[in-house]
Amino acid sequence: MTGYRQLLRTPEFTPLLLSSAAHTTAQTVAGLALGTLVHRATGSPLLSAVSMFGPSLAQVLGATLLLSGADRLPPRTALAGLSLAFATVTAVLAVPGLPVAAVLAVVLAQGLIAALGGGVRWGLLNEILPKEGYLPGRSVFNMMGGLTQIAGYALGGLLVTALSPHTVLLLATLLHATASATARLGLTARPTRVLGRPSAAETRRVNAVLWSSRPRRLVYLGLWLPNGLIVGCEALFVSYDPGAAGTLFACAALGMLAGDLAVGRLLPPAVRTRLATPLLLLLATPYLVFALRPPLPVAALCATLASVGFGASLVQQERLMALTPTELSGHALGLHSAGMLTLQGVSAVVAGSVAQLTSPATAMAVMATASIAATVTLAAASRRPSWRRPGGVPAVSRRRRRDRTVSVARVLPAK
């Protein structure tokens, strides 16, 4: 399965795609509205960044407590219920006069329930598609995400200016409700992939199993660190240039769309694997230019070019699935999603803090430098065996032999 038409003809693929599109659009316009609302009320780069990306901070708690439900809950019921929960939380955020502290508390609660959503959604995608269809299928979802973010940020920027942030949050509530209805009506009732009740203890046990493999650890770190640090740069768009934030976000989404199209559809497997580390370096390098306070056209071009590097994540996700038993696919992908979003939230806080002490432009350059350092370090680690026998022959334990479903493939170059 290599063609996008084949993917769209696959049962349940289109309803899952449309539900995810409505969910992403709702999050995009709500995040921009909330960031603008908090920035107007406080003038703080830190608080505006946390309001937009704060839900990501709670992902680590959700990944610790709830993630076992990704493979132990019926997918259709879980996705529809999660979208309804998002609609409820967004409606609360739309209440006029809500104190900033209350806004941040609600935002963190939103992130807690979001941790489960990624595992359910991507585990179901992996179940719907054959093995060779996952990468092009995830590519379609990523491109859809790019398109909906472009439209969401462009439309959200106009609506925030023409109407009000509170009105935009109400529109986001309706979009979340639409996502819930699409999942409920378009997906079929499927059994759980794993028997048993979800629990915090089971979540921790499976997390430990997934983390025990060095190849998987390197994949996870490669998915989390370079990506998360650059989202810290994006979290400063509002404080860097409040009037042009929607344009910068839309350009970044356009670059992500181009990168996912190239990696998921245009590049042959051997080529895209070799380009993963260069793509991660591309993800960070253009943000160094922001230290010079370039004019808006140059800043927009840098944001677009940098986001092409997000395409590296497709290769890493494919490799993660090759290293993971099928029955744990939802949990493994949920851990990837939760960890990535957690690092994004942490990076938004760090970037906002640096911006408070210096400036948004300087903070962007600092975060970009840290992302480059993380990429170089992980690329070096992927080429180094964990330990060797005397005489230089790599030693692989029985446990590691069982754990690897591919031969000693390099786990990094990828995002």
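Scope of the values below: all heavy atoms of this structure, side chains included, with no hydrogens, waters or symmetry mates. We number each residue from 1, following the sequence as shown.
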Which heavy atom in [X] sits nearest to a heavy atom in [Y], and how many Å separate them?
X    : Y    : value
P15  : L187 : CB-CD2, 4.2 Å
Q344 : G228 : CG-CA, 3.7 Å
R216 : V209 : NH2-O, 3.1 Å
A87  : T173 : O-CG2, 3.3 Å
H336 : W224 : O-NE1, 3.1 Å
L333 : G123 : CD1-N, 4.1 Å

Determine whether [X] and [Y] make a side-chain contact, defined as any pair of heavy atoms from C-beta on separated by less than 4.5 Å.
X    : Y    : answer
P242 : R40  : no
S213 : L323 : no
Q6   : L129 : no
L343 : N227 : no
I230 : C233 : yes
Y287 : T369 : no
T90  : Q110 : yes
V120 : L73  : no

Quick one: pull up [atom1] in [X] and [atom2] in [Y] and give me the separation to the nearest 0.5 Å.
X    : Y    : atom1 : atom2 : answer
R214 : S382 : CZ    : OG    : 8.0 Å
T277 : L283 : OG1   : CG    : 12.0 Å
M367 : L288 : CE    : CG    : 12.5 Å
L328 : M321 : CG    : CE    : 9.0 Å
L335 : L223 : CG    : CG    : 10.0 Å
L282 : T375 : CG    : OG1   : 11.0 Å

Okay, side chain of [X], backbone of [Y]: is any donor-acceptor separation there less than 3.5 Å?
X    : Y    : answer
E12  : T188 : yes
S347 : V231 : no
S83  : A177 : no
T10  : F13  : no
T182 : L18  : no
S239 : L236 : yes
S20  : L17  : no
S307 : A252 : yes
W211 : R217 : no
T88  : L84  : yes

Requested in this report: Applying side chain to side chain donor-acceptor pair (under 3.5 Å) between H331 and each of D71, N207, T324, report the one that passes.
Outcome: N207
Requested in this report: Begin with the C-alpha distance, continue with both residues' side-chain angles, and end with the deciding distance and a verdict on ring-ring contact (aromatic ring centres under 6.0 Å, His included) for F86 and H23.
Outcome: CA-CA 9 Å; F86 267 93; H23 181 81; 4.8 Å; yes
Query - Within 45° cone and under 6.0 Å: R121 NZ/CZ vs F141 ring - result: no
Query - Worked verdict on E318 versus R138 for salt bridge (Lys or Arg N to Asp or Glu O under 4.0 Å) - result: CA-CA 9 Å; E318 185 179 45; R138 187 62 189 263; over 6 Å; no
Query raised in the report: When P360 is tested against each of F237, Y240, F290 for side chain to side chain contact (heavy atoms under 4.5 Å, CB included), which residue passes?
Result: Y240
Report task. Could you tell me whether R72 and E202 make a salt bridge, using a distance below 4.0 angstrom between a side-chain N and a carboxylate O? Result -> yes
Requested in this report: Tell me yes or no: between the side chains of T28 and T25, is some donor less than 3.5 Å from an acceptor?
Outcome: no
